[in-house]
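Inspection log for the structure reproduced underneath, given as structure tokens.
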Amino acid sequence: MIRILRDRPIGSVDPRLHSGFVEHMGRCVNGGVWDGEKVNEEVRAAMAEIAHPVLRWPGGCFADDYRWRDGIGPRADRPVRVTAHWGVDEIDENGFGSHEFVDFCRSIGTEPWFGLNLGVDGPREGGDWFEYANFRGDTTLTRERAANGHPDAFDVTYWGIGNESWDCGGKLSPEDYAKAYRRMDAHLPSFSNVVRPQFVAVGPDGNNAGEAANWTERVLDEWNRWRTPRVAWWDAHFYLWATDGECGSITEFDEWQTGTLFDRAAKLDDLIVQQRAILDAKPLYGRPRIDLCIGEWGVWHGGGPPTEIRYHGLRDAAVCAAMLDTFHRHADKVKMANIAQTVNILGAPINVSEEGVVVRSPIWDVFVMYRAHRGGVSVPMEADDPRVLGSATLHSDRTVVSLVNSSHEPIAVALPFVPTSCRMLAHEDITARNLPDDPDRVRARAASWNGTLPPLAVALLES
Ligand code: AHR
């Protein structure tokens, strides 16, 4: 039996909870979004169907090495660089830079998020990029932007200040990060005629509960010691680690291993509860409240370096659905989340094979199905069977419920309403996935609700 507690509104599901992330890592940008000369049109179409409200770029760890000037001007003149964060030498010709990224975002109705380099550059470079992108007046930098094809400002709202500064972004202590952030903030000019920027601060490693509390408390304490910086977002990262064999692999797993996978996914809830408590207990003096963002989340399987293409299956889609449901249940505090990453690597909804075949993974189906939740008021949903997970949203004209079966057994579920529509992501083979030679093996389909949730299925019901 499912119960929907309609009289206990949590908050509105911010569409930005369904946001994305593309990094210059593996074949995510180069070989994924970007084919070397232009955007891959099939990827554009697949991403337009997901409709991420915000897209984060250029990293990740890559952002703290990135020289923004490498990615502007005639492509033939752009420098070729190497990065090696993941044990792999990655060569980048810089064909996909600020202009290409912003044009791509605008073409699919997504807002760009630029990640500023706090690792090796700093306020001077950050301020220049900010002026180049957003200033609407006539300066040397904005003339250069115009000469490169963009007379109008990019109007980038979201600006990350560093990435994982506790590790690849500099291995900084919380206090050192707080000071570096304050310095960057102070030197990002408050131009009068720019779109109002929202700065994203580096939150904790969400996979390490003790360190996560320590990081957040100490950064906030340091900021409150002296004049507080502008901060709109606190960006915690959480990966569903499945690299140690305890969760099986993408295609081979038993029910115990699936239980482990879902148990680990449930730690996301603990992280959100912990972080929101600290943020609420330590407001920044004289500043508006800081919203919580999970700027990187997703399933991270082993079996090779993380730069390799991963083709996910039904089980990964089900656990991602459960994590989106977790965000919905904290809709009053968590306002943005970015799947890591949208194309090809880690928990990708979209794959592009080395031969160029575009494959929508079952995770893609979940994102498309869950669009129905956006903008609705999240309310608690209870299930008698603890193996049934999900979330519920109330809209002016309908109720939307997503259900996830976290087990290998079919489960009978009694609904408190008669659904007017049902989309079901399920497969008789629970290890099934989509591959280049069979790209639509696992697909969400319209179904008539028969009262049973198949193993590892995701259902989207409306009434
Ligand atoms: O998403 C892949 C990597 O994971 C990112 O570059 C980094 O921020 C995180 O550790």
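Nothing fancy with the numbering, it's 1 onward along the sequence. For ligands, and for the atoms within them, numbers begin at 1 and follow the listed sequence.
- Annotation: Arg183, atom CZ; neighbour count of heavy atoms from other residues, nucleotides and ligands within 6.0 Å does not exceed 12.
- An N or O contact shorter than 3.5 Å is missing between Ala340 and ligand 1 by distance.
- With contacts defined as side-chain heavy-atom distances shorter than 4.5 Å, the pair Arg16/Glu111 does not qualify.
- With no hydrogens or angles considered, no side-chain donor-acceptor pair links Tyr66 and Asn163 at under 3.5 Å.
- Heavy atoms of Asp167 found under 4.0 angstrom from ligand 1: none, in either backbone or side chain.
- Neither the backbone nor the side chain of Ile345 comes within 4.0 Å of ligand 1, counting heavy atoms alone.
- Within the listing of ligand 1, atoms 7 (C), 8 (O), 9 (C), 10 (O) sit less than 4.0 angstrom from a heavy atom of Glu164.
- Atoms of ligand 1 lying under 4.0 Å from any heavy atom of Gln341, numbered from 1 in the order shown and given with element: 1 (O), 2 (C).
- Counting protein heavy atoms only, atom 8 (O) of ligand 1 is closest to Glu296 OE2, 2.7 Å.
- Within 6.0 Å of CD in Glu37 there are 12 or fewer heavy atoms belonging to other residues, nucleotides or ligands.
- Ligand-side atoms of ligand 1 in range of Met25: 2 (C), range being under 4.0 angstrom from any heavy atom.
- Side-chain contact of Thr251 with Thr431: a donor-acceptor pair under 3.5 Å is absent, judged by distance alone.
- Of all atoms in ligand 1, numbered sequentially from 1 with element shown, those under 4.0 Å from a heavy atom of Cys61 are 5 (C), 6 (O), 7 (C), 8 (O).
- A salt bridge does not link Arg69 to Asp121: none of the charged nitrogens lies less than 4.0 Å from a carboxylate oxygen.
- Within ligand 1, the atoms closer than 4.0 Å to a non-hydrogen atom of Glu23 are 1 (O), 2 (C), 5 (C), 6 (O), numbered from 1 in the order shown.
- Here the side chain of Trp166 pairs no donor or acceptor atom with the backbone of Trp215 at under 3.5 angstrom.
- What sits closest to atom 1 (O) of ligand 1 on the protein, heavy atoms only, is Tyr239 OH, 2.7 Å.
- Residue contacts with ligand 1: Trp300 is placed with no nitrogen or oxygen under 3.5 Å of a nitrogen or oxygen of the ligand (distance criterion only).
- For atom 3 (C) of ligand 1, the closest heavy atom belonging to the protein is Trp86 CZ2, 3.4 Å.
- Of all the atoms in ligand 1, the ones that sit under 4.0 Å from a non-hydrogen atom of Leu346 are 1 (O), 2 (C).
- Listed by number with element, the atoms of ligand 1 under 4.0 Å from a non-hydrogen atom of Phe21 are 1 (O).
- Under the 30°/60° scheme for interplanar angles, the aromatic rings of Phe154 and His99 are found to stand perpendicular.
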Under the criterion side-chain hydrogen bond (donor to acceptor under 3.5 Å, both in side chains), I'd like the reasoning laid out for His24 against Thr83: C-alpha separation, chi angles, the key distance, then a yes or no.
CA-CA 9 Å; His24 292 242; Thr83 51; over 6 Å; no
